[in-house]
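To start, the structure under review is shown below, and the notes come after it.
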Amino acid sequence: MALAGLYARLRQKQEELSRLRICQNELNSCRQDFYSQETICLEPELSSNTWAGTLAQAFENIREGAIVPSYQDIHTNQFSHILQLVANKITRTEQEIAAIKQAIAAAKAAAASQ
């Protein structure tokens with residue numbers, strides 16, 4: 001590949017890496033915000049003054065048995081999974097950048113020896 005093409009590819013990968021790091025930071029921030037809002041799943045608190053009876057109990061069971069665990073799954077498993085995918089992509093992109101830099105150095109050496 002021509003030297004100009006290698007430099008263009010290097011710039012592209014460096015921009016990609018920058019975007020991935022920004023994404024990773026934003027996801028971490030969102031994860032913290034999401035975690036801090038877990039109590040919203042249990043609001044409003046149901047009392048005998050607000051809502052009582054079998055429907056209220058069924059609603060509370062759904063909230064505690066399905067909504068809260070789903071919310072916790074998003075925080076612990078799904079955020080972790082996507083953050084790991086982004087971290088893996090960052091690692092691959094860094095490796096690609098290193099390979100492109102090596103190719104640039106090799107191309108420069110080859111051009112200098114001619």
Side-chain angles (χ1 to χ4, degrees):
M1 181 178 268
L3 200 53
L6 288 170
Y7 277 113
R9 182 111 171 102
L10 178 62
R11 278 190 303 279
Q12 175 189 17
K13 287 297 176 181
Q14 288 171 331
E15 289 171 8
E16 182 180 329
L17 181 61
S18 176
R19 288 191 310 271
L20 284 166
R21 287 184 174 149
I22 289 169
C23 178
Q24 185 179 44
N25 290 336
E26 288 178 2
L27 279 169
N28 276 317
S29 177
C30 288
R31 182 182 196 179
Q32 292 306 316
D33 291 344
F34 190 82
Y35 179 72
S36 68
Q37 299 299 319
E38 183 177 344
T39 58
I40 291 175
C41 291
L42 299 174
E43 292 177 3
E45 185 176 328
L46 301 179
S47 68
S48 58
N49 294 336
T50 56
W51 193 26
T54 56
L55 288 178
Q57 186 59 46
F59 177 76
E60 193 67 29
N61 290 342
I62 290 170
R63 195 159 59 170
E64 292 176 0
I67 295 173
V68 171
S70 294
Y71 196 95
Q72 290 169 341
D73 178 63
I74 290 169
H75 176 261
T76 57
N77 297 325
Q78 294 180 34
F79 265 117
S80 295
H81 178 71
I82 194 67
L83 284 166
Q84 185 60 52
L85 290 174
V86 171
N88 291 345
K89 181 64 176 168
I90 286 172
T91 300
R92 279 193 308 274
T93 303
E94 289 171 337
Q95 291 169 348
E96 289 174 13
I97 288 170
I100 293 168
K101 286 180 177 179
Q102 288 177 345
I104 289 171
K108 282 182 177 180
S113 68
Q114 289 180 348

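- Identified under the ring-ring contact (aromatic ring centres under 6.0 Å, His included) test for residues 81-113, with sequence neighbours left out: none.
- Under the side-chain hydrogen bond (donor to acceptor under 3.5 Å, both in side chains) criterion, Glu94 pairs with Arg21, sequence neighbours left out.
- The closest side-chain heavy-atom distance from Leu10 to Leu6 is not below 4.5 Å.
- A distance of 12.5 Å separates CD in Gln95 from CD1 in Ile90, rounded to the nearest 0.5 Å.
- Counting only residues at least two apart or on different chains, the salt bridge (charged side-chain N to carboxylate O under 4.0 Å, His left out) pairs with a member in residues 69-91 are Glu16-Lys89.
- Nearest heavy atom pair, residue Ala87 against residue Gln24, reads CB-NE2, 4.0 Å.
- Atom-to-atom distance recorded for Cys30:SG and Ile82:CD1 is 12.0 Å, nearest 0.5 angstrom.
- For the atom pair CD1 (Ile67) and CD (Glu60), the distance works out to 9.5 Å, reported to the nearest 0.5 Å.
- Here the side chains of His75 and Arg31 are in contact, with some heavy-atom distance below 4.5 Å.
- Note on residues 86-114: no pairs pass ring-ring contact (aromatic ring centres under 6.0 Å, His included), not counting sequence neighbours.
- For residues 86-114, there are no ring-ring contact (aromatic ring centres under 6.0 Å, His included) pairs, not counting sequence neighbours.
- Considering only residues two or more places apart in sequence or on other chains, Thr91 meets the side-chain hydrogen bond (donor to acceptor under 3.5 Å, both in side chains) condition with none of them.
- At least one donor-acceptor pair under 3.5 Å links the side chain of Ser70 to the backbone N or O of Ala66.
- Between the Ser18 side chain and the Gln14 main chain, no donor and acceptor come within less than 3.5 Å of each other.
- Checked against side-chain hydrogen bond (donor to acceptor under 3.5 Å, both in side chains), Gln32 has no partners two or more places apart in sequence or in another chain.
- Screening residues 95-108 for salt bridge (charged side-chain N to carboxylate O under 4.0 Å, His left out) gives Lys13-Glu96 as the qualifying pairs, with residues at least two apart or on separate chains.
- Residues passing the side chain to side chain contact (heavy atoms under 4.5 Å, CB included) test with Ile74, sequence neighbours excluded: Phe34, Gln78, Phe79.
- Between the CG atom of Leu85 and the CG atom of Leu20 there is a distance of 11.5 Å, given to the nearest 0.5 Å.
- Among residues two or more places apart in sequence or in another chain, the side-chain hydrogen bond (donor to acceptor under 3.5 Å, both in side chains) test is passed with Asn61 by Gln57.
- Each of Tyr71 and Ile40 belongs to its own hydrophobic cluster when Ile, Leu, Val, Met, Phe, Trp and Tyr are linked at side-chain heavy-atom distances under 4.5 angstrom.
- For the atom pair CD1 of Ile104 and CG of Leu3, the computed distance is 6.5 Å after rounding to the nearest 0.5 Å.
- Listed by first and then second residue, the ring-ring contact (aromatic ring centres under 6.0 Å, His included) pairs involving residues 6-30 amount to none (not counting sequence neighbours).
- Among residues two or more places apart in sequence or in another chain, the side chain to side chain contact (heavy atoms under 4.5 Å, CB included) test is passed with Gln102 by none.
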